[in-house]
Amino acid sequence: MKKKWAERMFSLFLMVLAVSAYWQTLNLSVTESKTGLLTGPAFFPQWLAILFFICCAIIFGKTYLQAEDVLLAQAFPAPRRLLKIFVFLAMIGLTVILTPLIGWLGSQFIMVLVIEVALEKRKWASAVGISLTAAVVVYAIFELGLGVRLPRGFLD
Amino acid sequence: MGLFQSVFDASINLLFSVNIFYTVLGGFIGTLAGALPGLGPSTSIALFIPLTFGLNPITGMVFLCNIYQGCMYGGRITSILANIPGDAPAIVTCFEGYPMAQKGRAGPAMGISGTASFIGGMVGLTGLMLFAGPVSDFAIQFGPPEYFGLMVFALSCIGILSSESPVKGVAMGLLGLLCGTVGHDFVSGAIRMTYGITGLIDGIDLIPLALGAFALSEVLFILEKGEKGAFIKSKLTFKNLYPSLEDFFRSKWPVVRGSIIGFLIGVLPGAGGTTATFIAYAVEKKVSKSPEKFGTGMVEGLASPESSNNASEGGALIPLLTLGVPGSGGTAILLGGLMIWGIRPGPMLFQENPDFVWYVVAGLLLGNIALLIMNVGLIPLFVSLLKVIEPYLLSAITVLCIAGVYACSRNLSDVWIMLAFGMVGYFARKLDYPMGPLVLGLVLGPRTEDSLRQSIMMGHGDMSIFFHGPISATLLIVGLGIIFYPVFRYAFLAARERMKKSRP
């Protein structure tokens, strides 16, 4: 994807975010009921959403004014590399889903194993070693060192 | 003398307690993190905040501040050895440091830059000691309108200065402020901006946002590039490490100039180390008798930016500690850490808890000495360690991010928030949106809204209250002027162009 289009799509996404933020404030009051002053819960976020929208609209508009050669630089990597990013994000999502079921140690072990084998192209034996070490070391630091009780899954 | 006595006493207490361990450890971690391309102070502090929960606030703050300080030192290692800056302020180090390394003078470049960093750091900390008290005494007069003006000023400064496109910086600052309004409104009790998601009722915490925007997005960049293990090529031994007397003599005045520039720029919100290093380099080139040699390995062009980078750190701590207004993404995350420990920086901190401030300053002073020893004497060790760590960076950051976010709230829904900000951060950084204003907006958001509300109540709804006092009026006018300056400039230039064309 070219940078100009990426810029437009991202600023459009931010504009949608601004509109949705404004919409979220519509069921709240701008003024405070007792005093009638502009100190209600909607006042500040409403103004922020408007200003945010204006900024994003300027960014969107600027893509039409800037020189082509600056904007036509490649913004994103080849699809294969993007796939790696997608796999990585999906792994984190899967880890969050798996953690309450199989516990912290198990989910972290699986996540690091997949990252090391699929993304880092490491051999199975060393990937297992790294995954086990990462999961156990972080577990020890947080659970034993800092007293944070990490999820144990079905053992809870 | 009371001030120096307080810092001296605090230094002695730190020296003979467990805090010295955390001081050195923070500096060591910071140096390594600063040297790893992409891992700047913001990412490193965000990664390590969850690990400080078990510590007392002084130890935790000393540890985090020394990570911050260590990053300032570490960034130069890969700049000199491989022409790859560890963090943004180290870009300028490449200009002269790498040519020196190419000429076989990597060791002296390391020695000079380490010493210049140390002197700059000391100048910054001395400035912090001297000016923090008076600034906090002045800030005691601030009421809600002044604070609102200050917030607008800080956000506009960081928005404008942190990016090449000012409007992108301002947009990120506004997005951060909007994120700060998510969840419970503590005045009315209303639940706002949650989109019906229960995980957002308690609001968006700093740690998931910062780890997502900085650390996770960095992991995505590492994945995208797919390059590892290639950044340290030069050989460095203890023997060829030390600069000559001539090198020291040539760098004497550049270090002085760089330190002063760095400190003054560091005080400005948003300017930070990157701006300081570029200005210091430009000034050095301007005053040099042989500016044409810059870019070929001039010691002056290396020493001045290095000292300005470290001096800016002391300057940046002044608005953070005295006004509660951070000047950069890194100090915004430090502010978040302070709030997690229940410490609210601002003028009252100097009245109610002065020891805390002097312990932090003492920790930084001791840390600076430890960092000089580490960064001049132990460079070969750092290079070896970097080679070992780098291949495992991806998994290490990911696991630490998830554990850190979970440890903050004991809630897995925050990991989803981190994931969302990781994706937004990746795309935003790709398109040159700065992340610093986003974090700053989130941290300052609740306080900005409180100040606005209190001011409106004080003025009984009259908005002119912001212009009654000289301080709030000046801050607001300057802040808004900074934001609208590009618009006015564009309109002025367009009008002038039209006039030129219309003339026969």
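These values consider heavy atoms only, across backbone and side chains, with no hydrogens, waters or symmetry-generated copies. Below, chains carry the letters A, B, ... as their sequence lines are ordered, and counting in each starts from 1.
Note on E7(A) versus K168(B): salt bridge recorded, some NZ/NE/NH1/NH2 to OD/OE distance being below 4.0 Å.
Residue contact with chain B, scored on non-hydrogen atoms closer than 4.5 Å, involves the side chain of F43(A) exclusively. Using a 4.5 Å cut-off between heavy atoms, L89(A) contacts chain B through both its backbone and its side chain. Of the atoms belonging to F52(A), heavy atoms from both backbone and side chain fall under 4.5 Å from chain B. Heavy atoms closer than 4.5 Å to chain B are found in the side chain of M111(A), but not in its backbone. Within the 4.5 angstrom heavy-atom criterion, atoms from both the backbone and the side chain of L51(B) approach chain A. Both the backbone and the side chain of V167(B) come within contact range of chain A, with heavy atoms under 4.5 Å apart. Contacts between I85(A) and chain B at a heavy-atom distance below 4.5 Å involve backbone atoms as well as side-chain atoms. Heavy atoms closer than 4.5 Å to chain B are found in both the backbone and the side chain of L51(A). No part of S29(A) comes within reach of chain B, as not one of its non-hydrogen atoms sits under 4.5 angstrom from that chain. Both the backbone and the side chain of V424(B) have a heavy atom closer than 4.5 Å to some heavy atom of chain A. Only the side chain of M423(B) comes within contact range of chain A, judged by heavy atoms closer than 4.5 Å.
Atom CD1 of residue I191(B) and atom CD of residue Q24(A) lie 11.5 Å apart, to the nearest 0.5 angstrom. The distance from the CG atom of L174(B) to the CD1 atom of I50(A) is 11.5 Å, given to the nearest 0.5 Å. With rounding to the nearest 0.5 Å, the separation of CD1 in I141(A) from CG in L400(B) is 6.5 Å.
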Query - Stepwise side-chain contact (heavy atoms from CB on, under 4.5 Å) test for Y392(B) and T133(A) - result: CA-CA 11 Å; Y392(B) 308 107; T133(A) 311; over 6 Å; no
Requested in this report: Output, in order, the C-alpha distance, side-chain angles, deciding distance and verdict of side-chain contact (heavy atoms from CB on, under 4.5 Å) for F88(A) and T398(B).
Outcome: CA-CA 10 Å; F88(A) 174 76; T398(B) 312; 3.4 Å; yes
Requested in this report: Show your working on side-chain contact (heavy atoms from CB on, under 4.5 Å) between I402(B) and W104(A) and close with a plain yes or no.
Outcome: CA-CA 10 Å; I402(B) 298 174; W104(A) 174 268; 3.8 Å; yes
Query - Residues L14(A), M172(B); criterion side-chain contact (heavy atoms from CB on, under 4.5 Å); working and verdict - result: CA-CA 10 Å; L14(A) 293 179; M172(B) 283 293 109; 4.2 Å; yes
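Summarising the geometry of A190(B) relative to L28(A), their closest heavy-atom pair is CB-CD2, 3.8 Å, with the distance given to 0.1 Å. Nearest approach of E449(B) to P41(A), heavy atoms of both residues: OE2-O, 4.5 Å. The shortest heavy-atom contact between P45(A) and M193(B) is CB-SD, 4.1 Å. Looking at every heavy atom in both residues, Y195(B) comes nearest to L17(A) through OH-O, 4.0 Å. Listed here is the closest heavy atom pair of L412(B) and V96(A): O-CG1, 3.8 Å. In terms of heavy atoms, V138(A) sits closest to A403(B) at CG1-CB, 3.5 Å.
Options V415(B), T52(B), L419(B) differ in how many heavy-atom pairs under 4.5 Å they form with chain A, and the most are formed by L419(B). Put simply, of C56(A), S11(A), G93(A), the one with the most heavy-atom pairs under 4.5 Å next to chain B is G93(A). Of the listed residues (I92(A), I54(A), L119(A)), the greatest number of heavy-atom pairs within a distance under 4.5 Å of chain B belongs to I92(A). When each of T31(A), L48(A), N27(A), I58(A) is scored by its heavy-atom pairs under 4.5 Å with chain B, the top score falls to L48(A). Ranked by heavy-atom pairs shorter than 4.5 Å toward chain A, the options L216(B), L220(B), V170(B) are led by L220(B). Taking L175(B), T448(B), L394(B), L178(B) one by one and counting their heavy-atom pairs under 4.5 Å with chain A, the maximum is reached by L178(B). Counting heavy-atom pairs closer than 4.5 Å to chain B, the top residue among S131(A), A134(A), A21(A), A42(A) is A21(A).
For E224(B) (side chain) and L82(A) (main-chain N/O), no donor-acceptor pair under 3.5 Å exists by modelled atom type.
Side-chain contact check for P391(B) versus E120(A): every heavy-atom pair is 4.5 Å or farther apart.
Checked against a 6.0 Å centroid threshold, the rings of F10(A) and Y433(B) count as neighbours.
Environment of CH2 in W47(A): sparse, with no more than 12 heavy atoms of neighbouring residues, nucleotides or ligands closer than 6.0 Å.
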